[in-house]
Amino acid sequence: MRRTLAFFYRNRWLFSRRVMQLLIIAAFAMELPEGGYFAQGNLSSSTWFGIGLTDPYIWLQSLLAGAPLGKSALIGMLIVAGLYALFGGRIYCSWVCPINLLTDLSYWIRQKLHIKSNFTLSKNLRVAILLLSLLLSLLSGKLAWEMVNPITQFQRELMWGSMTGAMVLASIFLFDIFVTRRGWCSHLCPVGAFYSELGRYGRLRVKATQSGACNGCAECIKVCPEPHVLAPVVARKADLVTHGDCTRCGACLDQCSTGALAMSLNLKRAGSFKGIPVVSQD
Amino acid sequence: MADKISVAAEIEEPERRKVFRKVFRKLGAATVITVFGKAILDSRPAPAASVLRPPGALPEAEFNAACIRCGLCVEACPYDILHLASWSDPAPTGTPYFVARTDPCRMCTDIPCARACPTGALSPLLTDIKKADMGVAVLVGHETCLNYKGLTCSICVRVCPIIGEAISLKPVKNEVGLLQIPTVDSSKCTGCGTCEKHCVLSEAAIRVLPRELGLGVEGAQSVGRW
Ligand code: SF4
Ligand code: SF4
Ligand code: SF4
Ligand code: SF4
Ligand code: SF4
């Protein structure tokens with residue numbers, strides 16, 4: 001009994017995330033008893049009990065492609081963008097995006113199989129893909145990323161039951177297992193890159209609780225999908241993870257045995273942050 | 001601001017890796033330029049729709065820019081006629097379309113699909129479904145259509161929801177005798193697809209096509225102007 005409890009405690013963030021991710025998928029897929037759905041549409045744009053939400057990245061592509069402004073999409077976009085900007089953009093990656101289930105599974109298998117080979121990619125690649133997709137949208141008048149986007153593809157294939165897009169998902173899955181460690185989400189996906197920029201100043205952050213608690217074991221860095229964000233904290237150059245790349249997945253908190261890390265919401269101005277320079281180590 | 005320690009600690013890269021890196025960089029650049037070039041070439045002239053769009057859809061180029069592939073229209077349609085295109089479908093990935101022969105638009109008077117669209121890709125200005133322009137019916141099978149053979153099938157005319165306006169029988173006299181030819185008024189036809197759906201032949205003799213494909217577009221072809 002104590003052991004199961006301890007097990008859950010050591011994976012509390014992981015389990016919360018899984019529950020959240022599955023609930024979101026279920027909300028789109030499950031019918032209400034009296035008909036209708038919790039959520040309609042897909043992650044590009046959806047309606048939750050009459051409230052419309054729209055993905056800001058897709059909206060931006062659409063705008064650049066030259067679309068006229070639709071009012072409900074605009075409002076929906078502002079709600080979503082506002083929330084992510086306030087709390088932290090890549091919360092989307094850890095708590096909402098269904099691809100995360102797939103790539104986390106890849107990573108898990110990779111570790112179980114002890115695959116060490118790693119084709120190094122620059123983390124800036126995704127920013128390049130992001131900029132390229134925006135530029136292409138502007139030039140071609142189409143939503144460049146939406147031609148391939150595996151995220152909405154995932155939902156469509158799942159829900160409309162066609163199987164062509166499963167190919168893309170399978171390649172991401174295999175790529176993450178055999179080619180590059182966390183290859184897709186941490187190096188290639190422009191959606192993650194976009195949310196990273198959007199949530200640069202997000203106020204929900206991983207924080208070092210007291211300076212003494214951390215014993216420098218760097219276990220958190222090992223499990224973090226974006227290790228460079230934690231490096232300054234463990235090296236005591238900063239007391240907060242300030243980098244936009246942090247997905248707020250809480251893996252570091254699950255992992256840390258000393259309780260040196262906490263997730264903290266600080267809505268006050270940046271002033272309360274002591275301004276210790278954070279060296280981004282790419 | 002370079003971190004002295006980390007710079008010193010940097011291990012020198014083996015020669016082979018450097019070469020690989022160079023090759024990959026070149027490959028990357030080549031891919032990017034190709035993708036670019038192709039996108040620019042593809043983007044003009046603006047292509048006509050190759051599939052039937054839900055009612056109120058903007059002209060194809062604008063529609064492709066405006067539609068964010070959310071599928072809210074698909075879910076709003078009470079008859080489930082709409083689909084989001086998958087990779088293998090003729091429409092750009094993720095955009096909604098319907099196939100007349102399988103399931104035509106029932107022309108709901110309250111147009112739930114267009115009402116559900118958050119982006120205006122299906123125009124909110126369309127309030128009268130009879131003004132919708134999803135496409136246009138064209139009688140293509142002049143040799144197979146039963147009415148052309150002198151019979152009176154006329155199913156396509158009788159099932160039309162705007163019967164008598166969008167499609168009607170026009171008497172035409174020829175060597176066979178007096179024929180009743182189903183004739184489409186392109187200014188009234190909404191392209192709902194009901195006629196194509198119900199054509200009694202195993203492949204429909206009347207087809208509903210996006211307007212540009214069904215009627216052609218005026219203007220000289222560049223080949224003719226050398
Ligand atoms: S990086 Fe992209 S695919 Fe990965 S979780 Fe974030 S949005 Fe999803
Ligand atoms: S710092 Fe912690 S919460 Fe942020 S991405 Fe890394 S492991 Fe997840
Ligand atoms: S008008 Fe009605 S039947 Fe036609 S696409 Fe819209 S919702 Fe479906
Ligand atoms: S509701 Fe509008 S934006 Fe969404 S898929 Fe349909 S046409 Fe596109
Ligand atoms: S239903 Fe088909 S065969 Fe009959 S009149 Fe119309 S086009 Fe001709």
Side-chain angles (χ1 to χ4, degrees), chain A residues 36-37 40-47 52-55 58-59 61-77 119-121 125 128-129 132 135-137 139-144 146-149 152-153 155-157 159-160 162-165 167-168 237 277 279 281, chain B residues 1-3 5-6 13 17 20-21 24-25 28-29 31-32 35-44 46-47 58 60-76 80 82-89 92-96 115-125:
Chain A
Y37 294 84
Q40 292 207 294
N42 58 32
L43 286 174
S44 314
S45 189
S46 50
T47 314
L53 300 176
T54 297
D55 183 293
I58 299 176
W59 183 85
Q61 288 175 63
S62 173
L63 187 73
L64 289 175
L69 282 177
K71 197 170 80 209
S72 39
L74 179 66
I75 297 170
M77 184 280 295
F119 181 73
T120 350
L121 291 169
L125 204 51
I129 297 177
L132 190 65
L135 196 61
L136 281 178
S137 297
L139 292 176
S140 70
K142 295 185 186 121
L143 278 57
E146 293 316 298
M147 306 268 168
V148 280
N149 192 349
T152 40
Q153 195 104 309
Q155 284 201 311
R156 283 201 296 270
E157 302 307 322
M159 258 165 261
W160 322 116
S162 96
M163 265 315 181
T164 6
M167 292 269 293
V168 199
K237 288 195 192 119
V279 187
Q281 309 189 338
Chain B
M1 277 258 307
D3 194 323
I5 305 162
S6 85
E13 280 188 271
R17 192 179 291 181
F20 268 128
R21 199 169 288 251
F24 276 116
R25 208 165 279 162
T31 320
V32 167
V35 171
F36 241 127
K38 183 153 168 24
I40 294 172
L41 288 181
D42 283 355
S43 63
R44 56 186 195 109
L58 301 175
E60 186 65 9
E62 275 170 67
F63 183 80
N64 275 334
C67 169
I68 57 173
R69 289 88 163 127
C70 66
L72 283 168
C73 52
V74 175
E75 289 182 41
D80 270 342
L82 301 172
H83 312 276
L84 292 187
S86 178
W87 272 18
S88 51
D89 291 327
T93 316
T95 53
R115 293 295 88 83
C117 179
T119 58
L122 305 180
S123 172
L125 301 178

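Chain naming here is simple, since letters A, B, ... match the order of the sequence lines and numbering starts at 1 in each. Just so it is clear, the values below take in all heavy atoms, side chains as well, and ignore hydrogens, waters and symmetry mates.
- Side-chain contact between B:Cys70 and A:Ile58: absent, with no pair of heavy atoms (C-beta onward) separated by less than 4.5 Å.
- The ring pair (Phe, Tyr, Trp, His ring centres under 6.0 Å) test applied to B:Phe24 returns A:Phe119, not counting sequence neighbours.
- Of all heavy-atom pairs spanning A:Gly141 and B:Ala65, the tightest one is O-CB, 3.5 Å.
- Note that the CD1 atom of B:Ile68 and the CG atom of A:Leu63 stand 12.0 Å from one another [nearest 0.5 Å].
- Side-chain contact check for A:Thr152 versus B:Arg69: every heavy-atom pair is 4.5 Å or farther apart.
- A donor-acceptor pair is defined here as one N or O able to donate and one able to accept, closer than 3.5 Å; such a pair exists between the side chain of A:Ser72 and the backbone of B:Pro118.
- Within the 4.5 angstrom heavy-atom criterion, only side-chain atoms of A:Thr54, from C-beta onward, approach chain B.
- Heavy atoms closer than 4.5 Å to chain A are found nowhere in B:Cys73, neither backbone nor side chain.
- Between the CG atom of A:Leu74 and the OG1 atom of B:Thr119 there is a distance of 11.5 Å, given to the nearest 0.5 Å.
- Counting all heavy atoms, side chain and backbone alike, A:Ala67 lies closest to B:Ala66 at CB-CA, 3.3 Å.
- When all heavy atoms of B:Glu75 and A:Gly41 are compared, the closest pair comes out as OE2-N, 3.0 Å.
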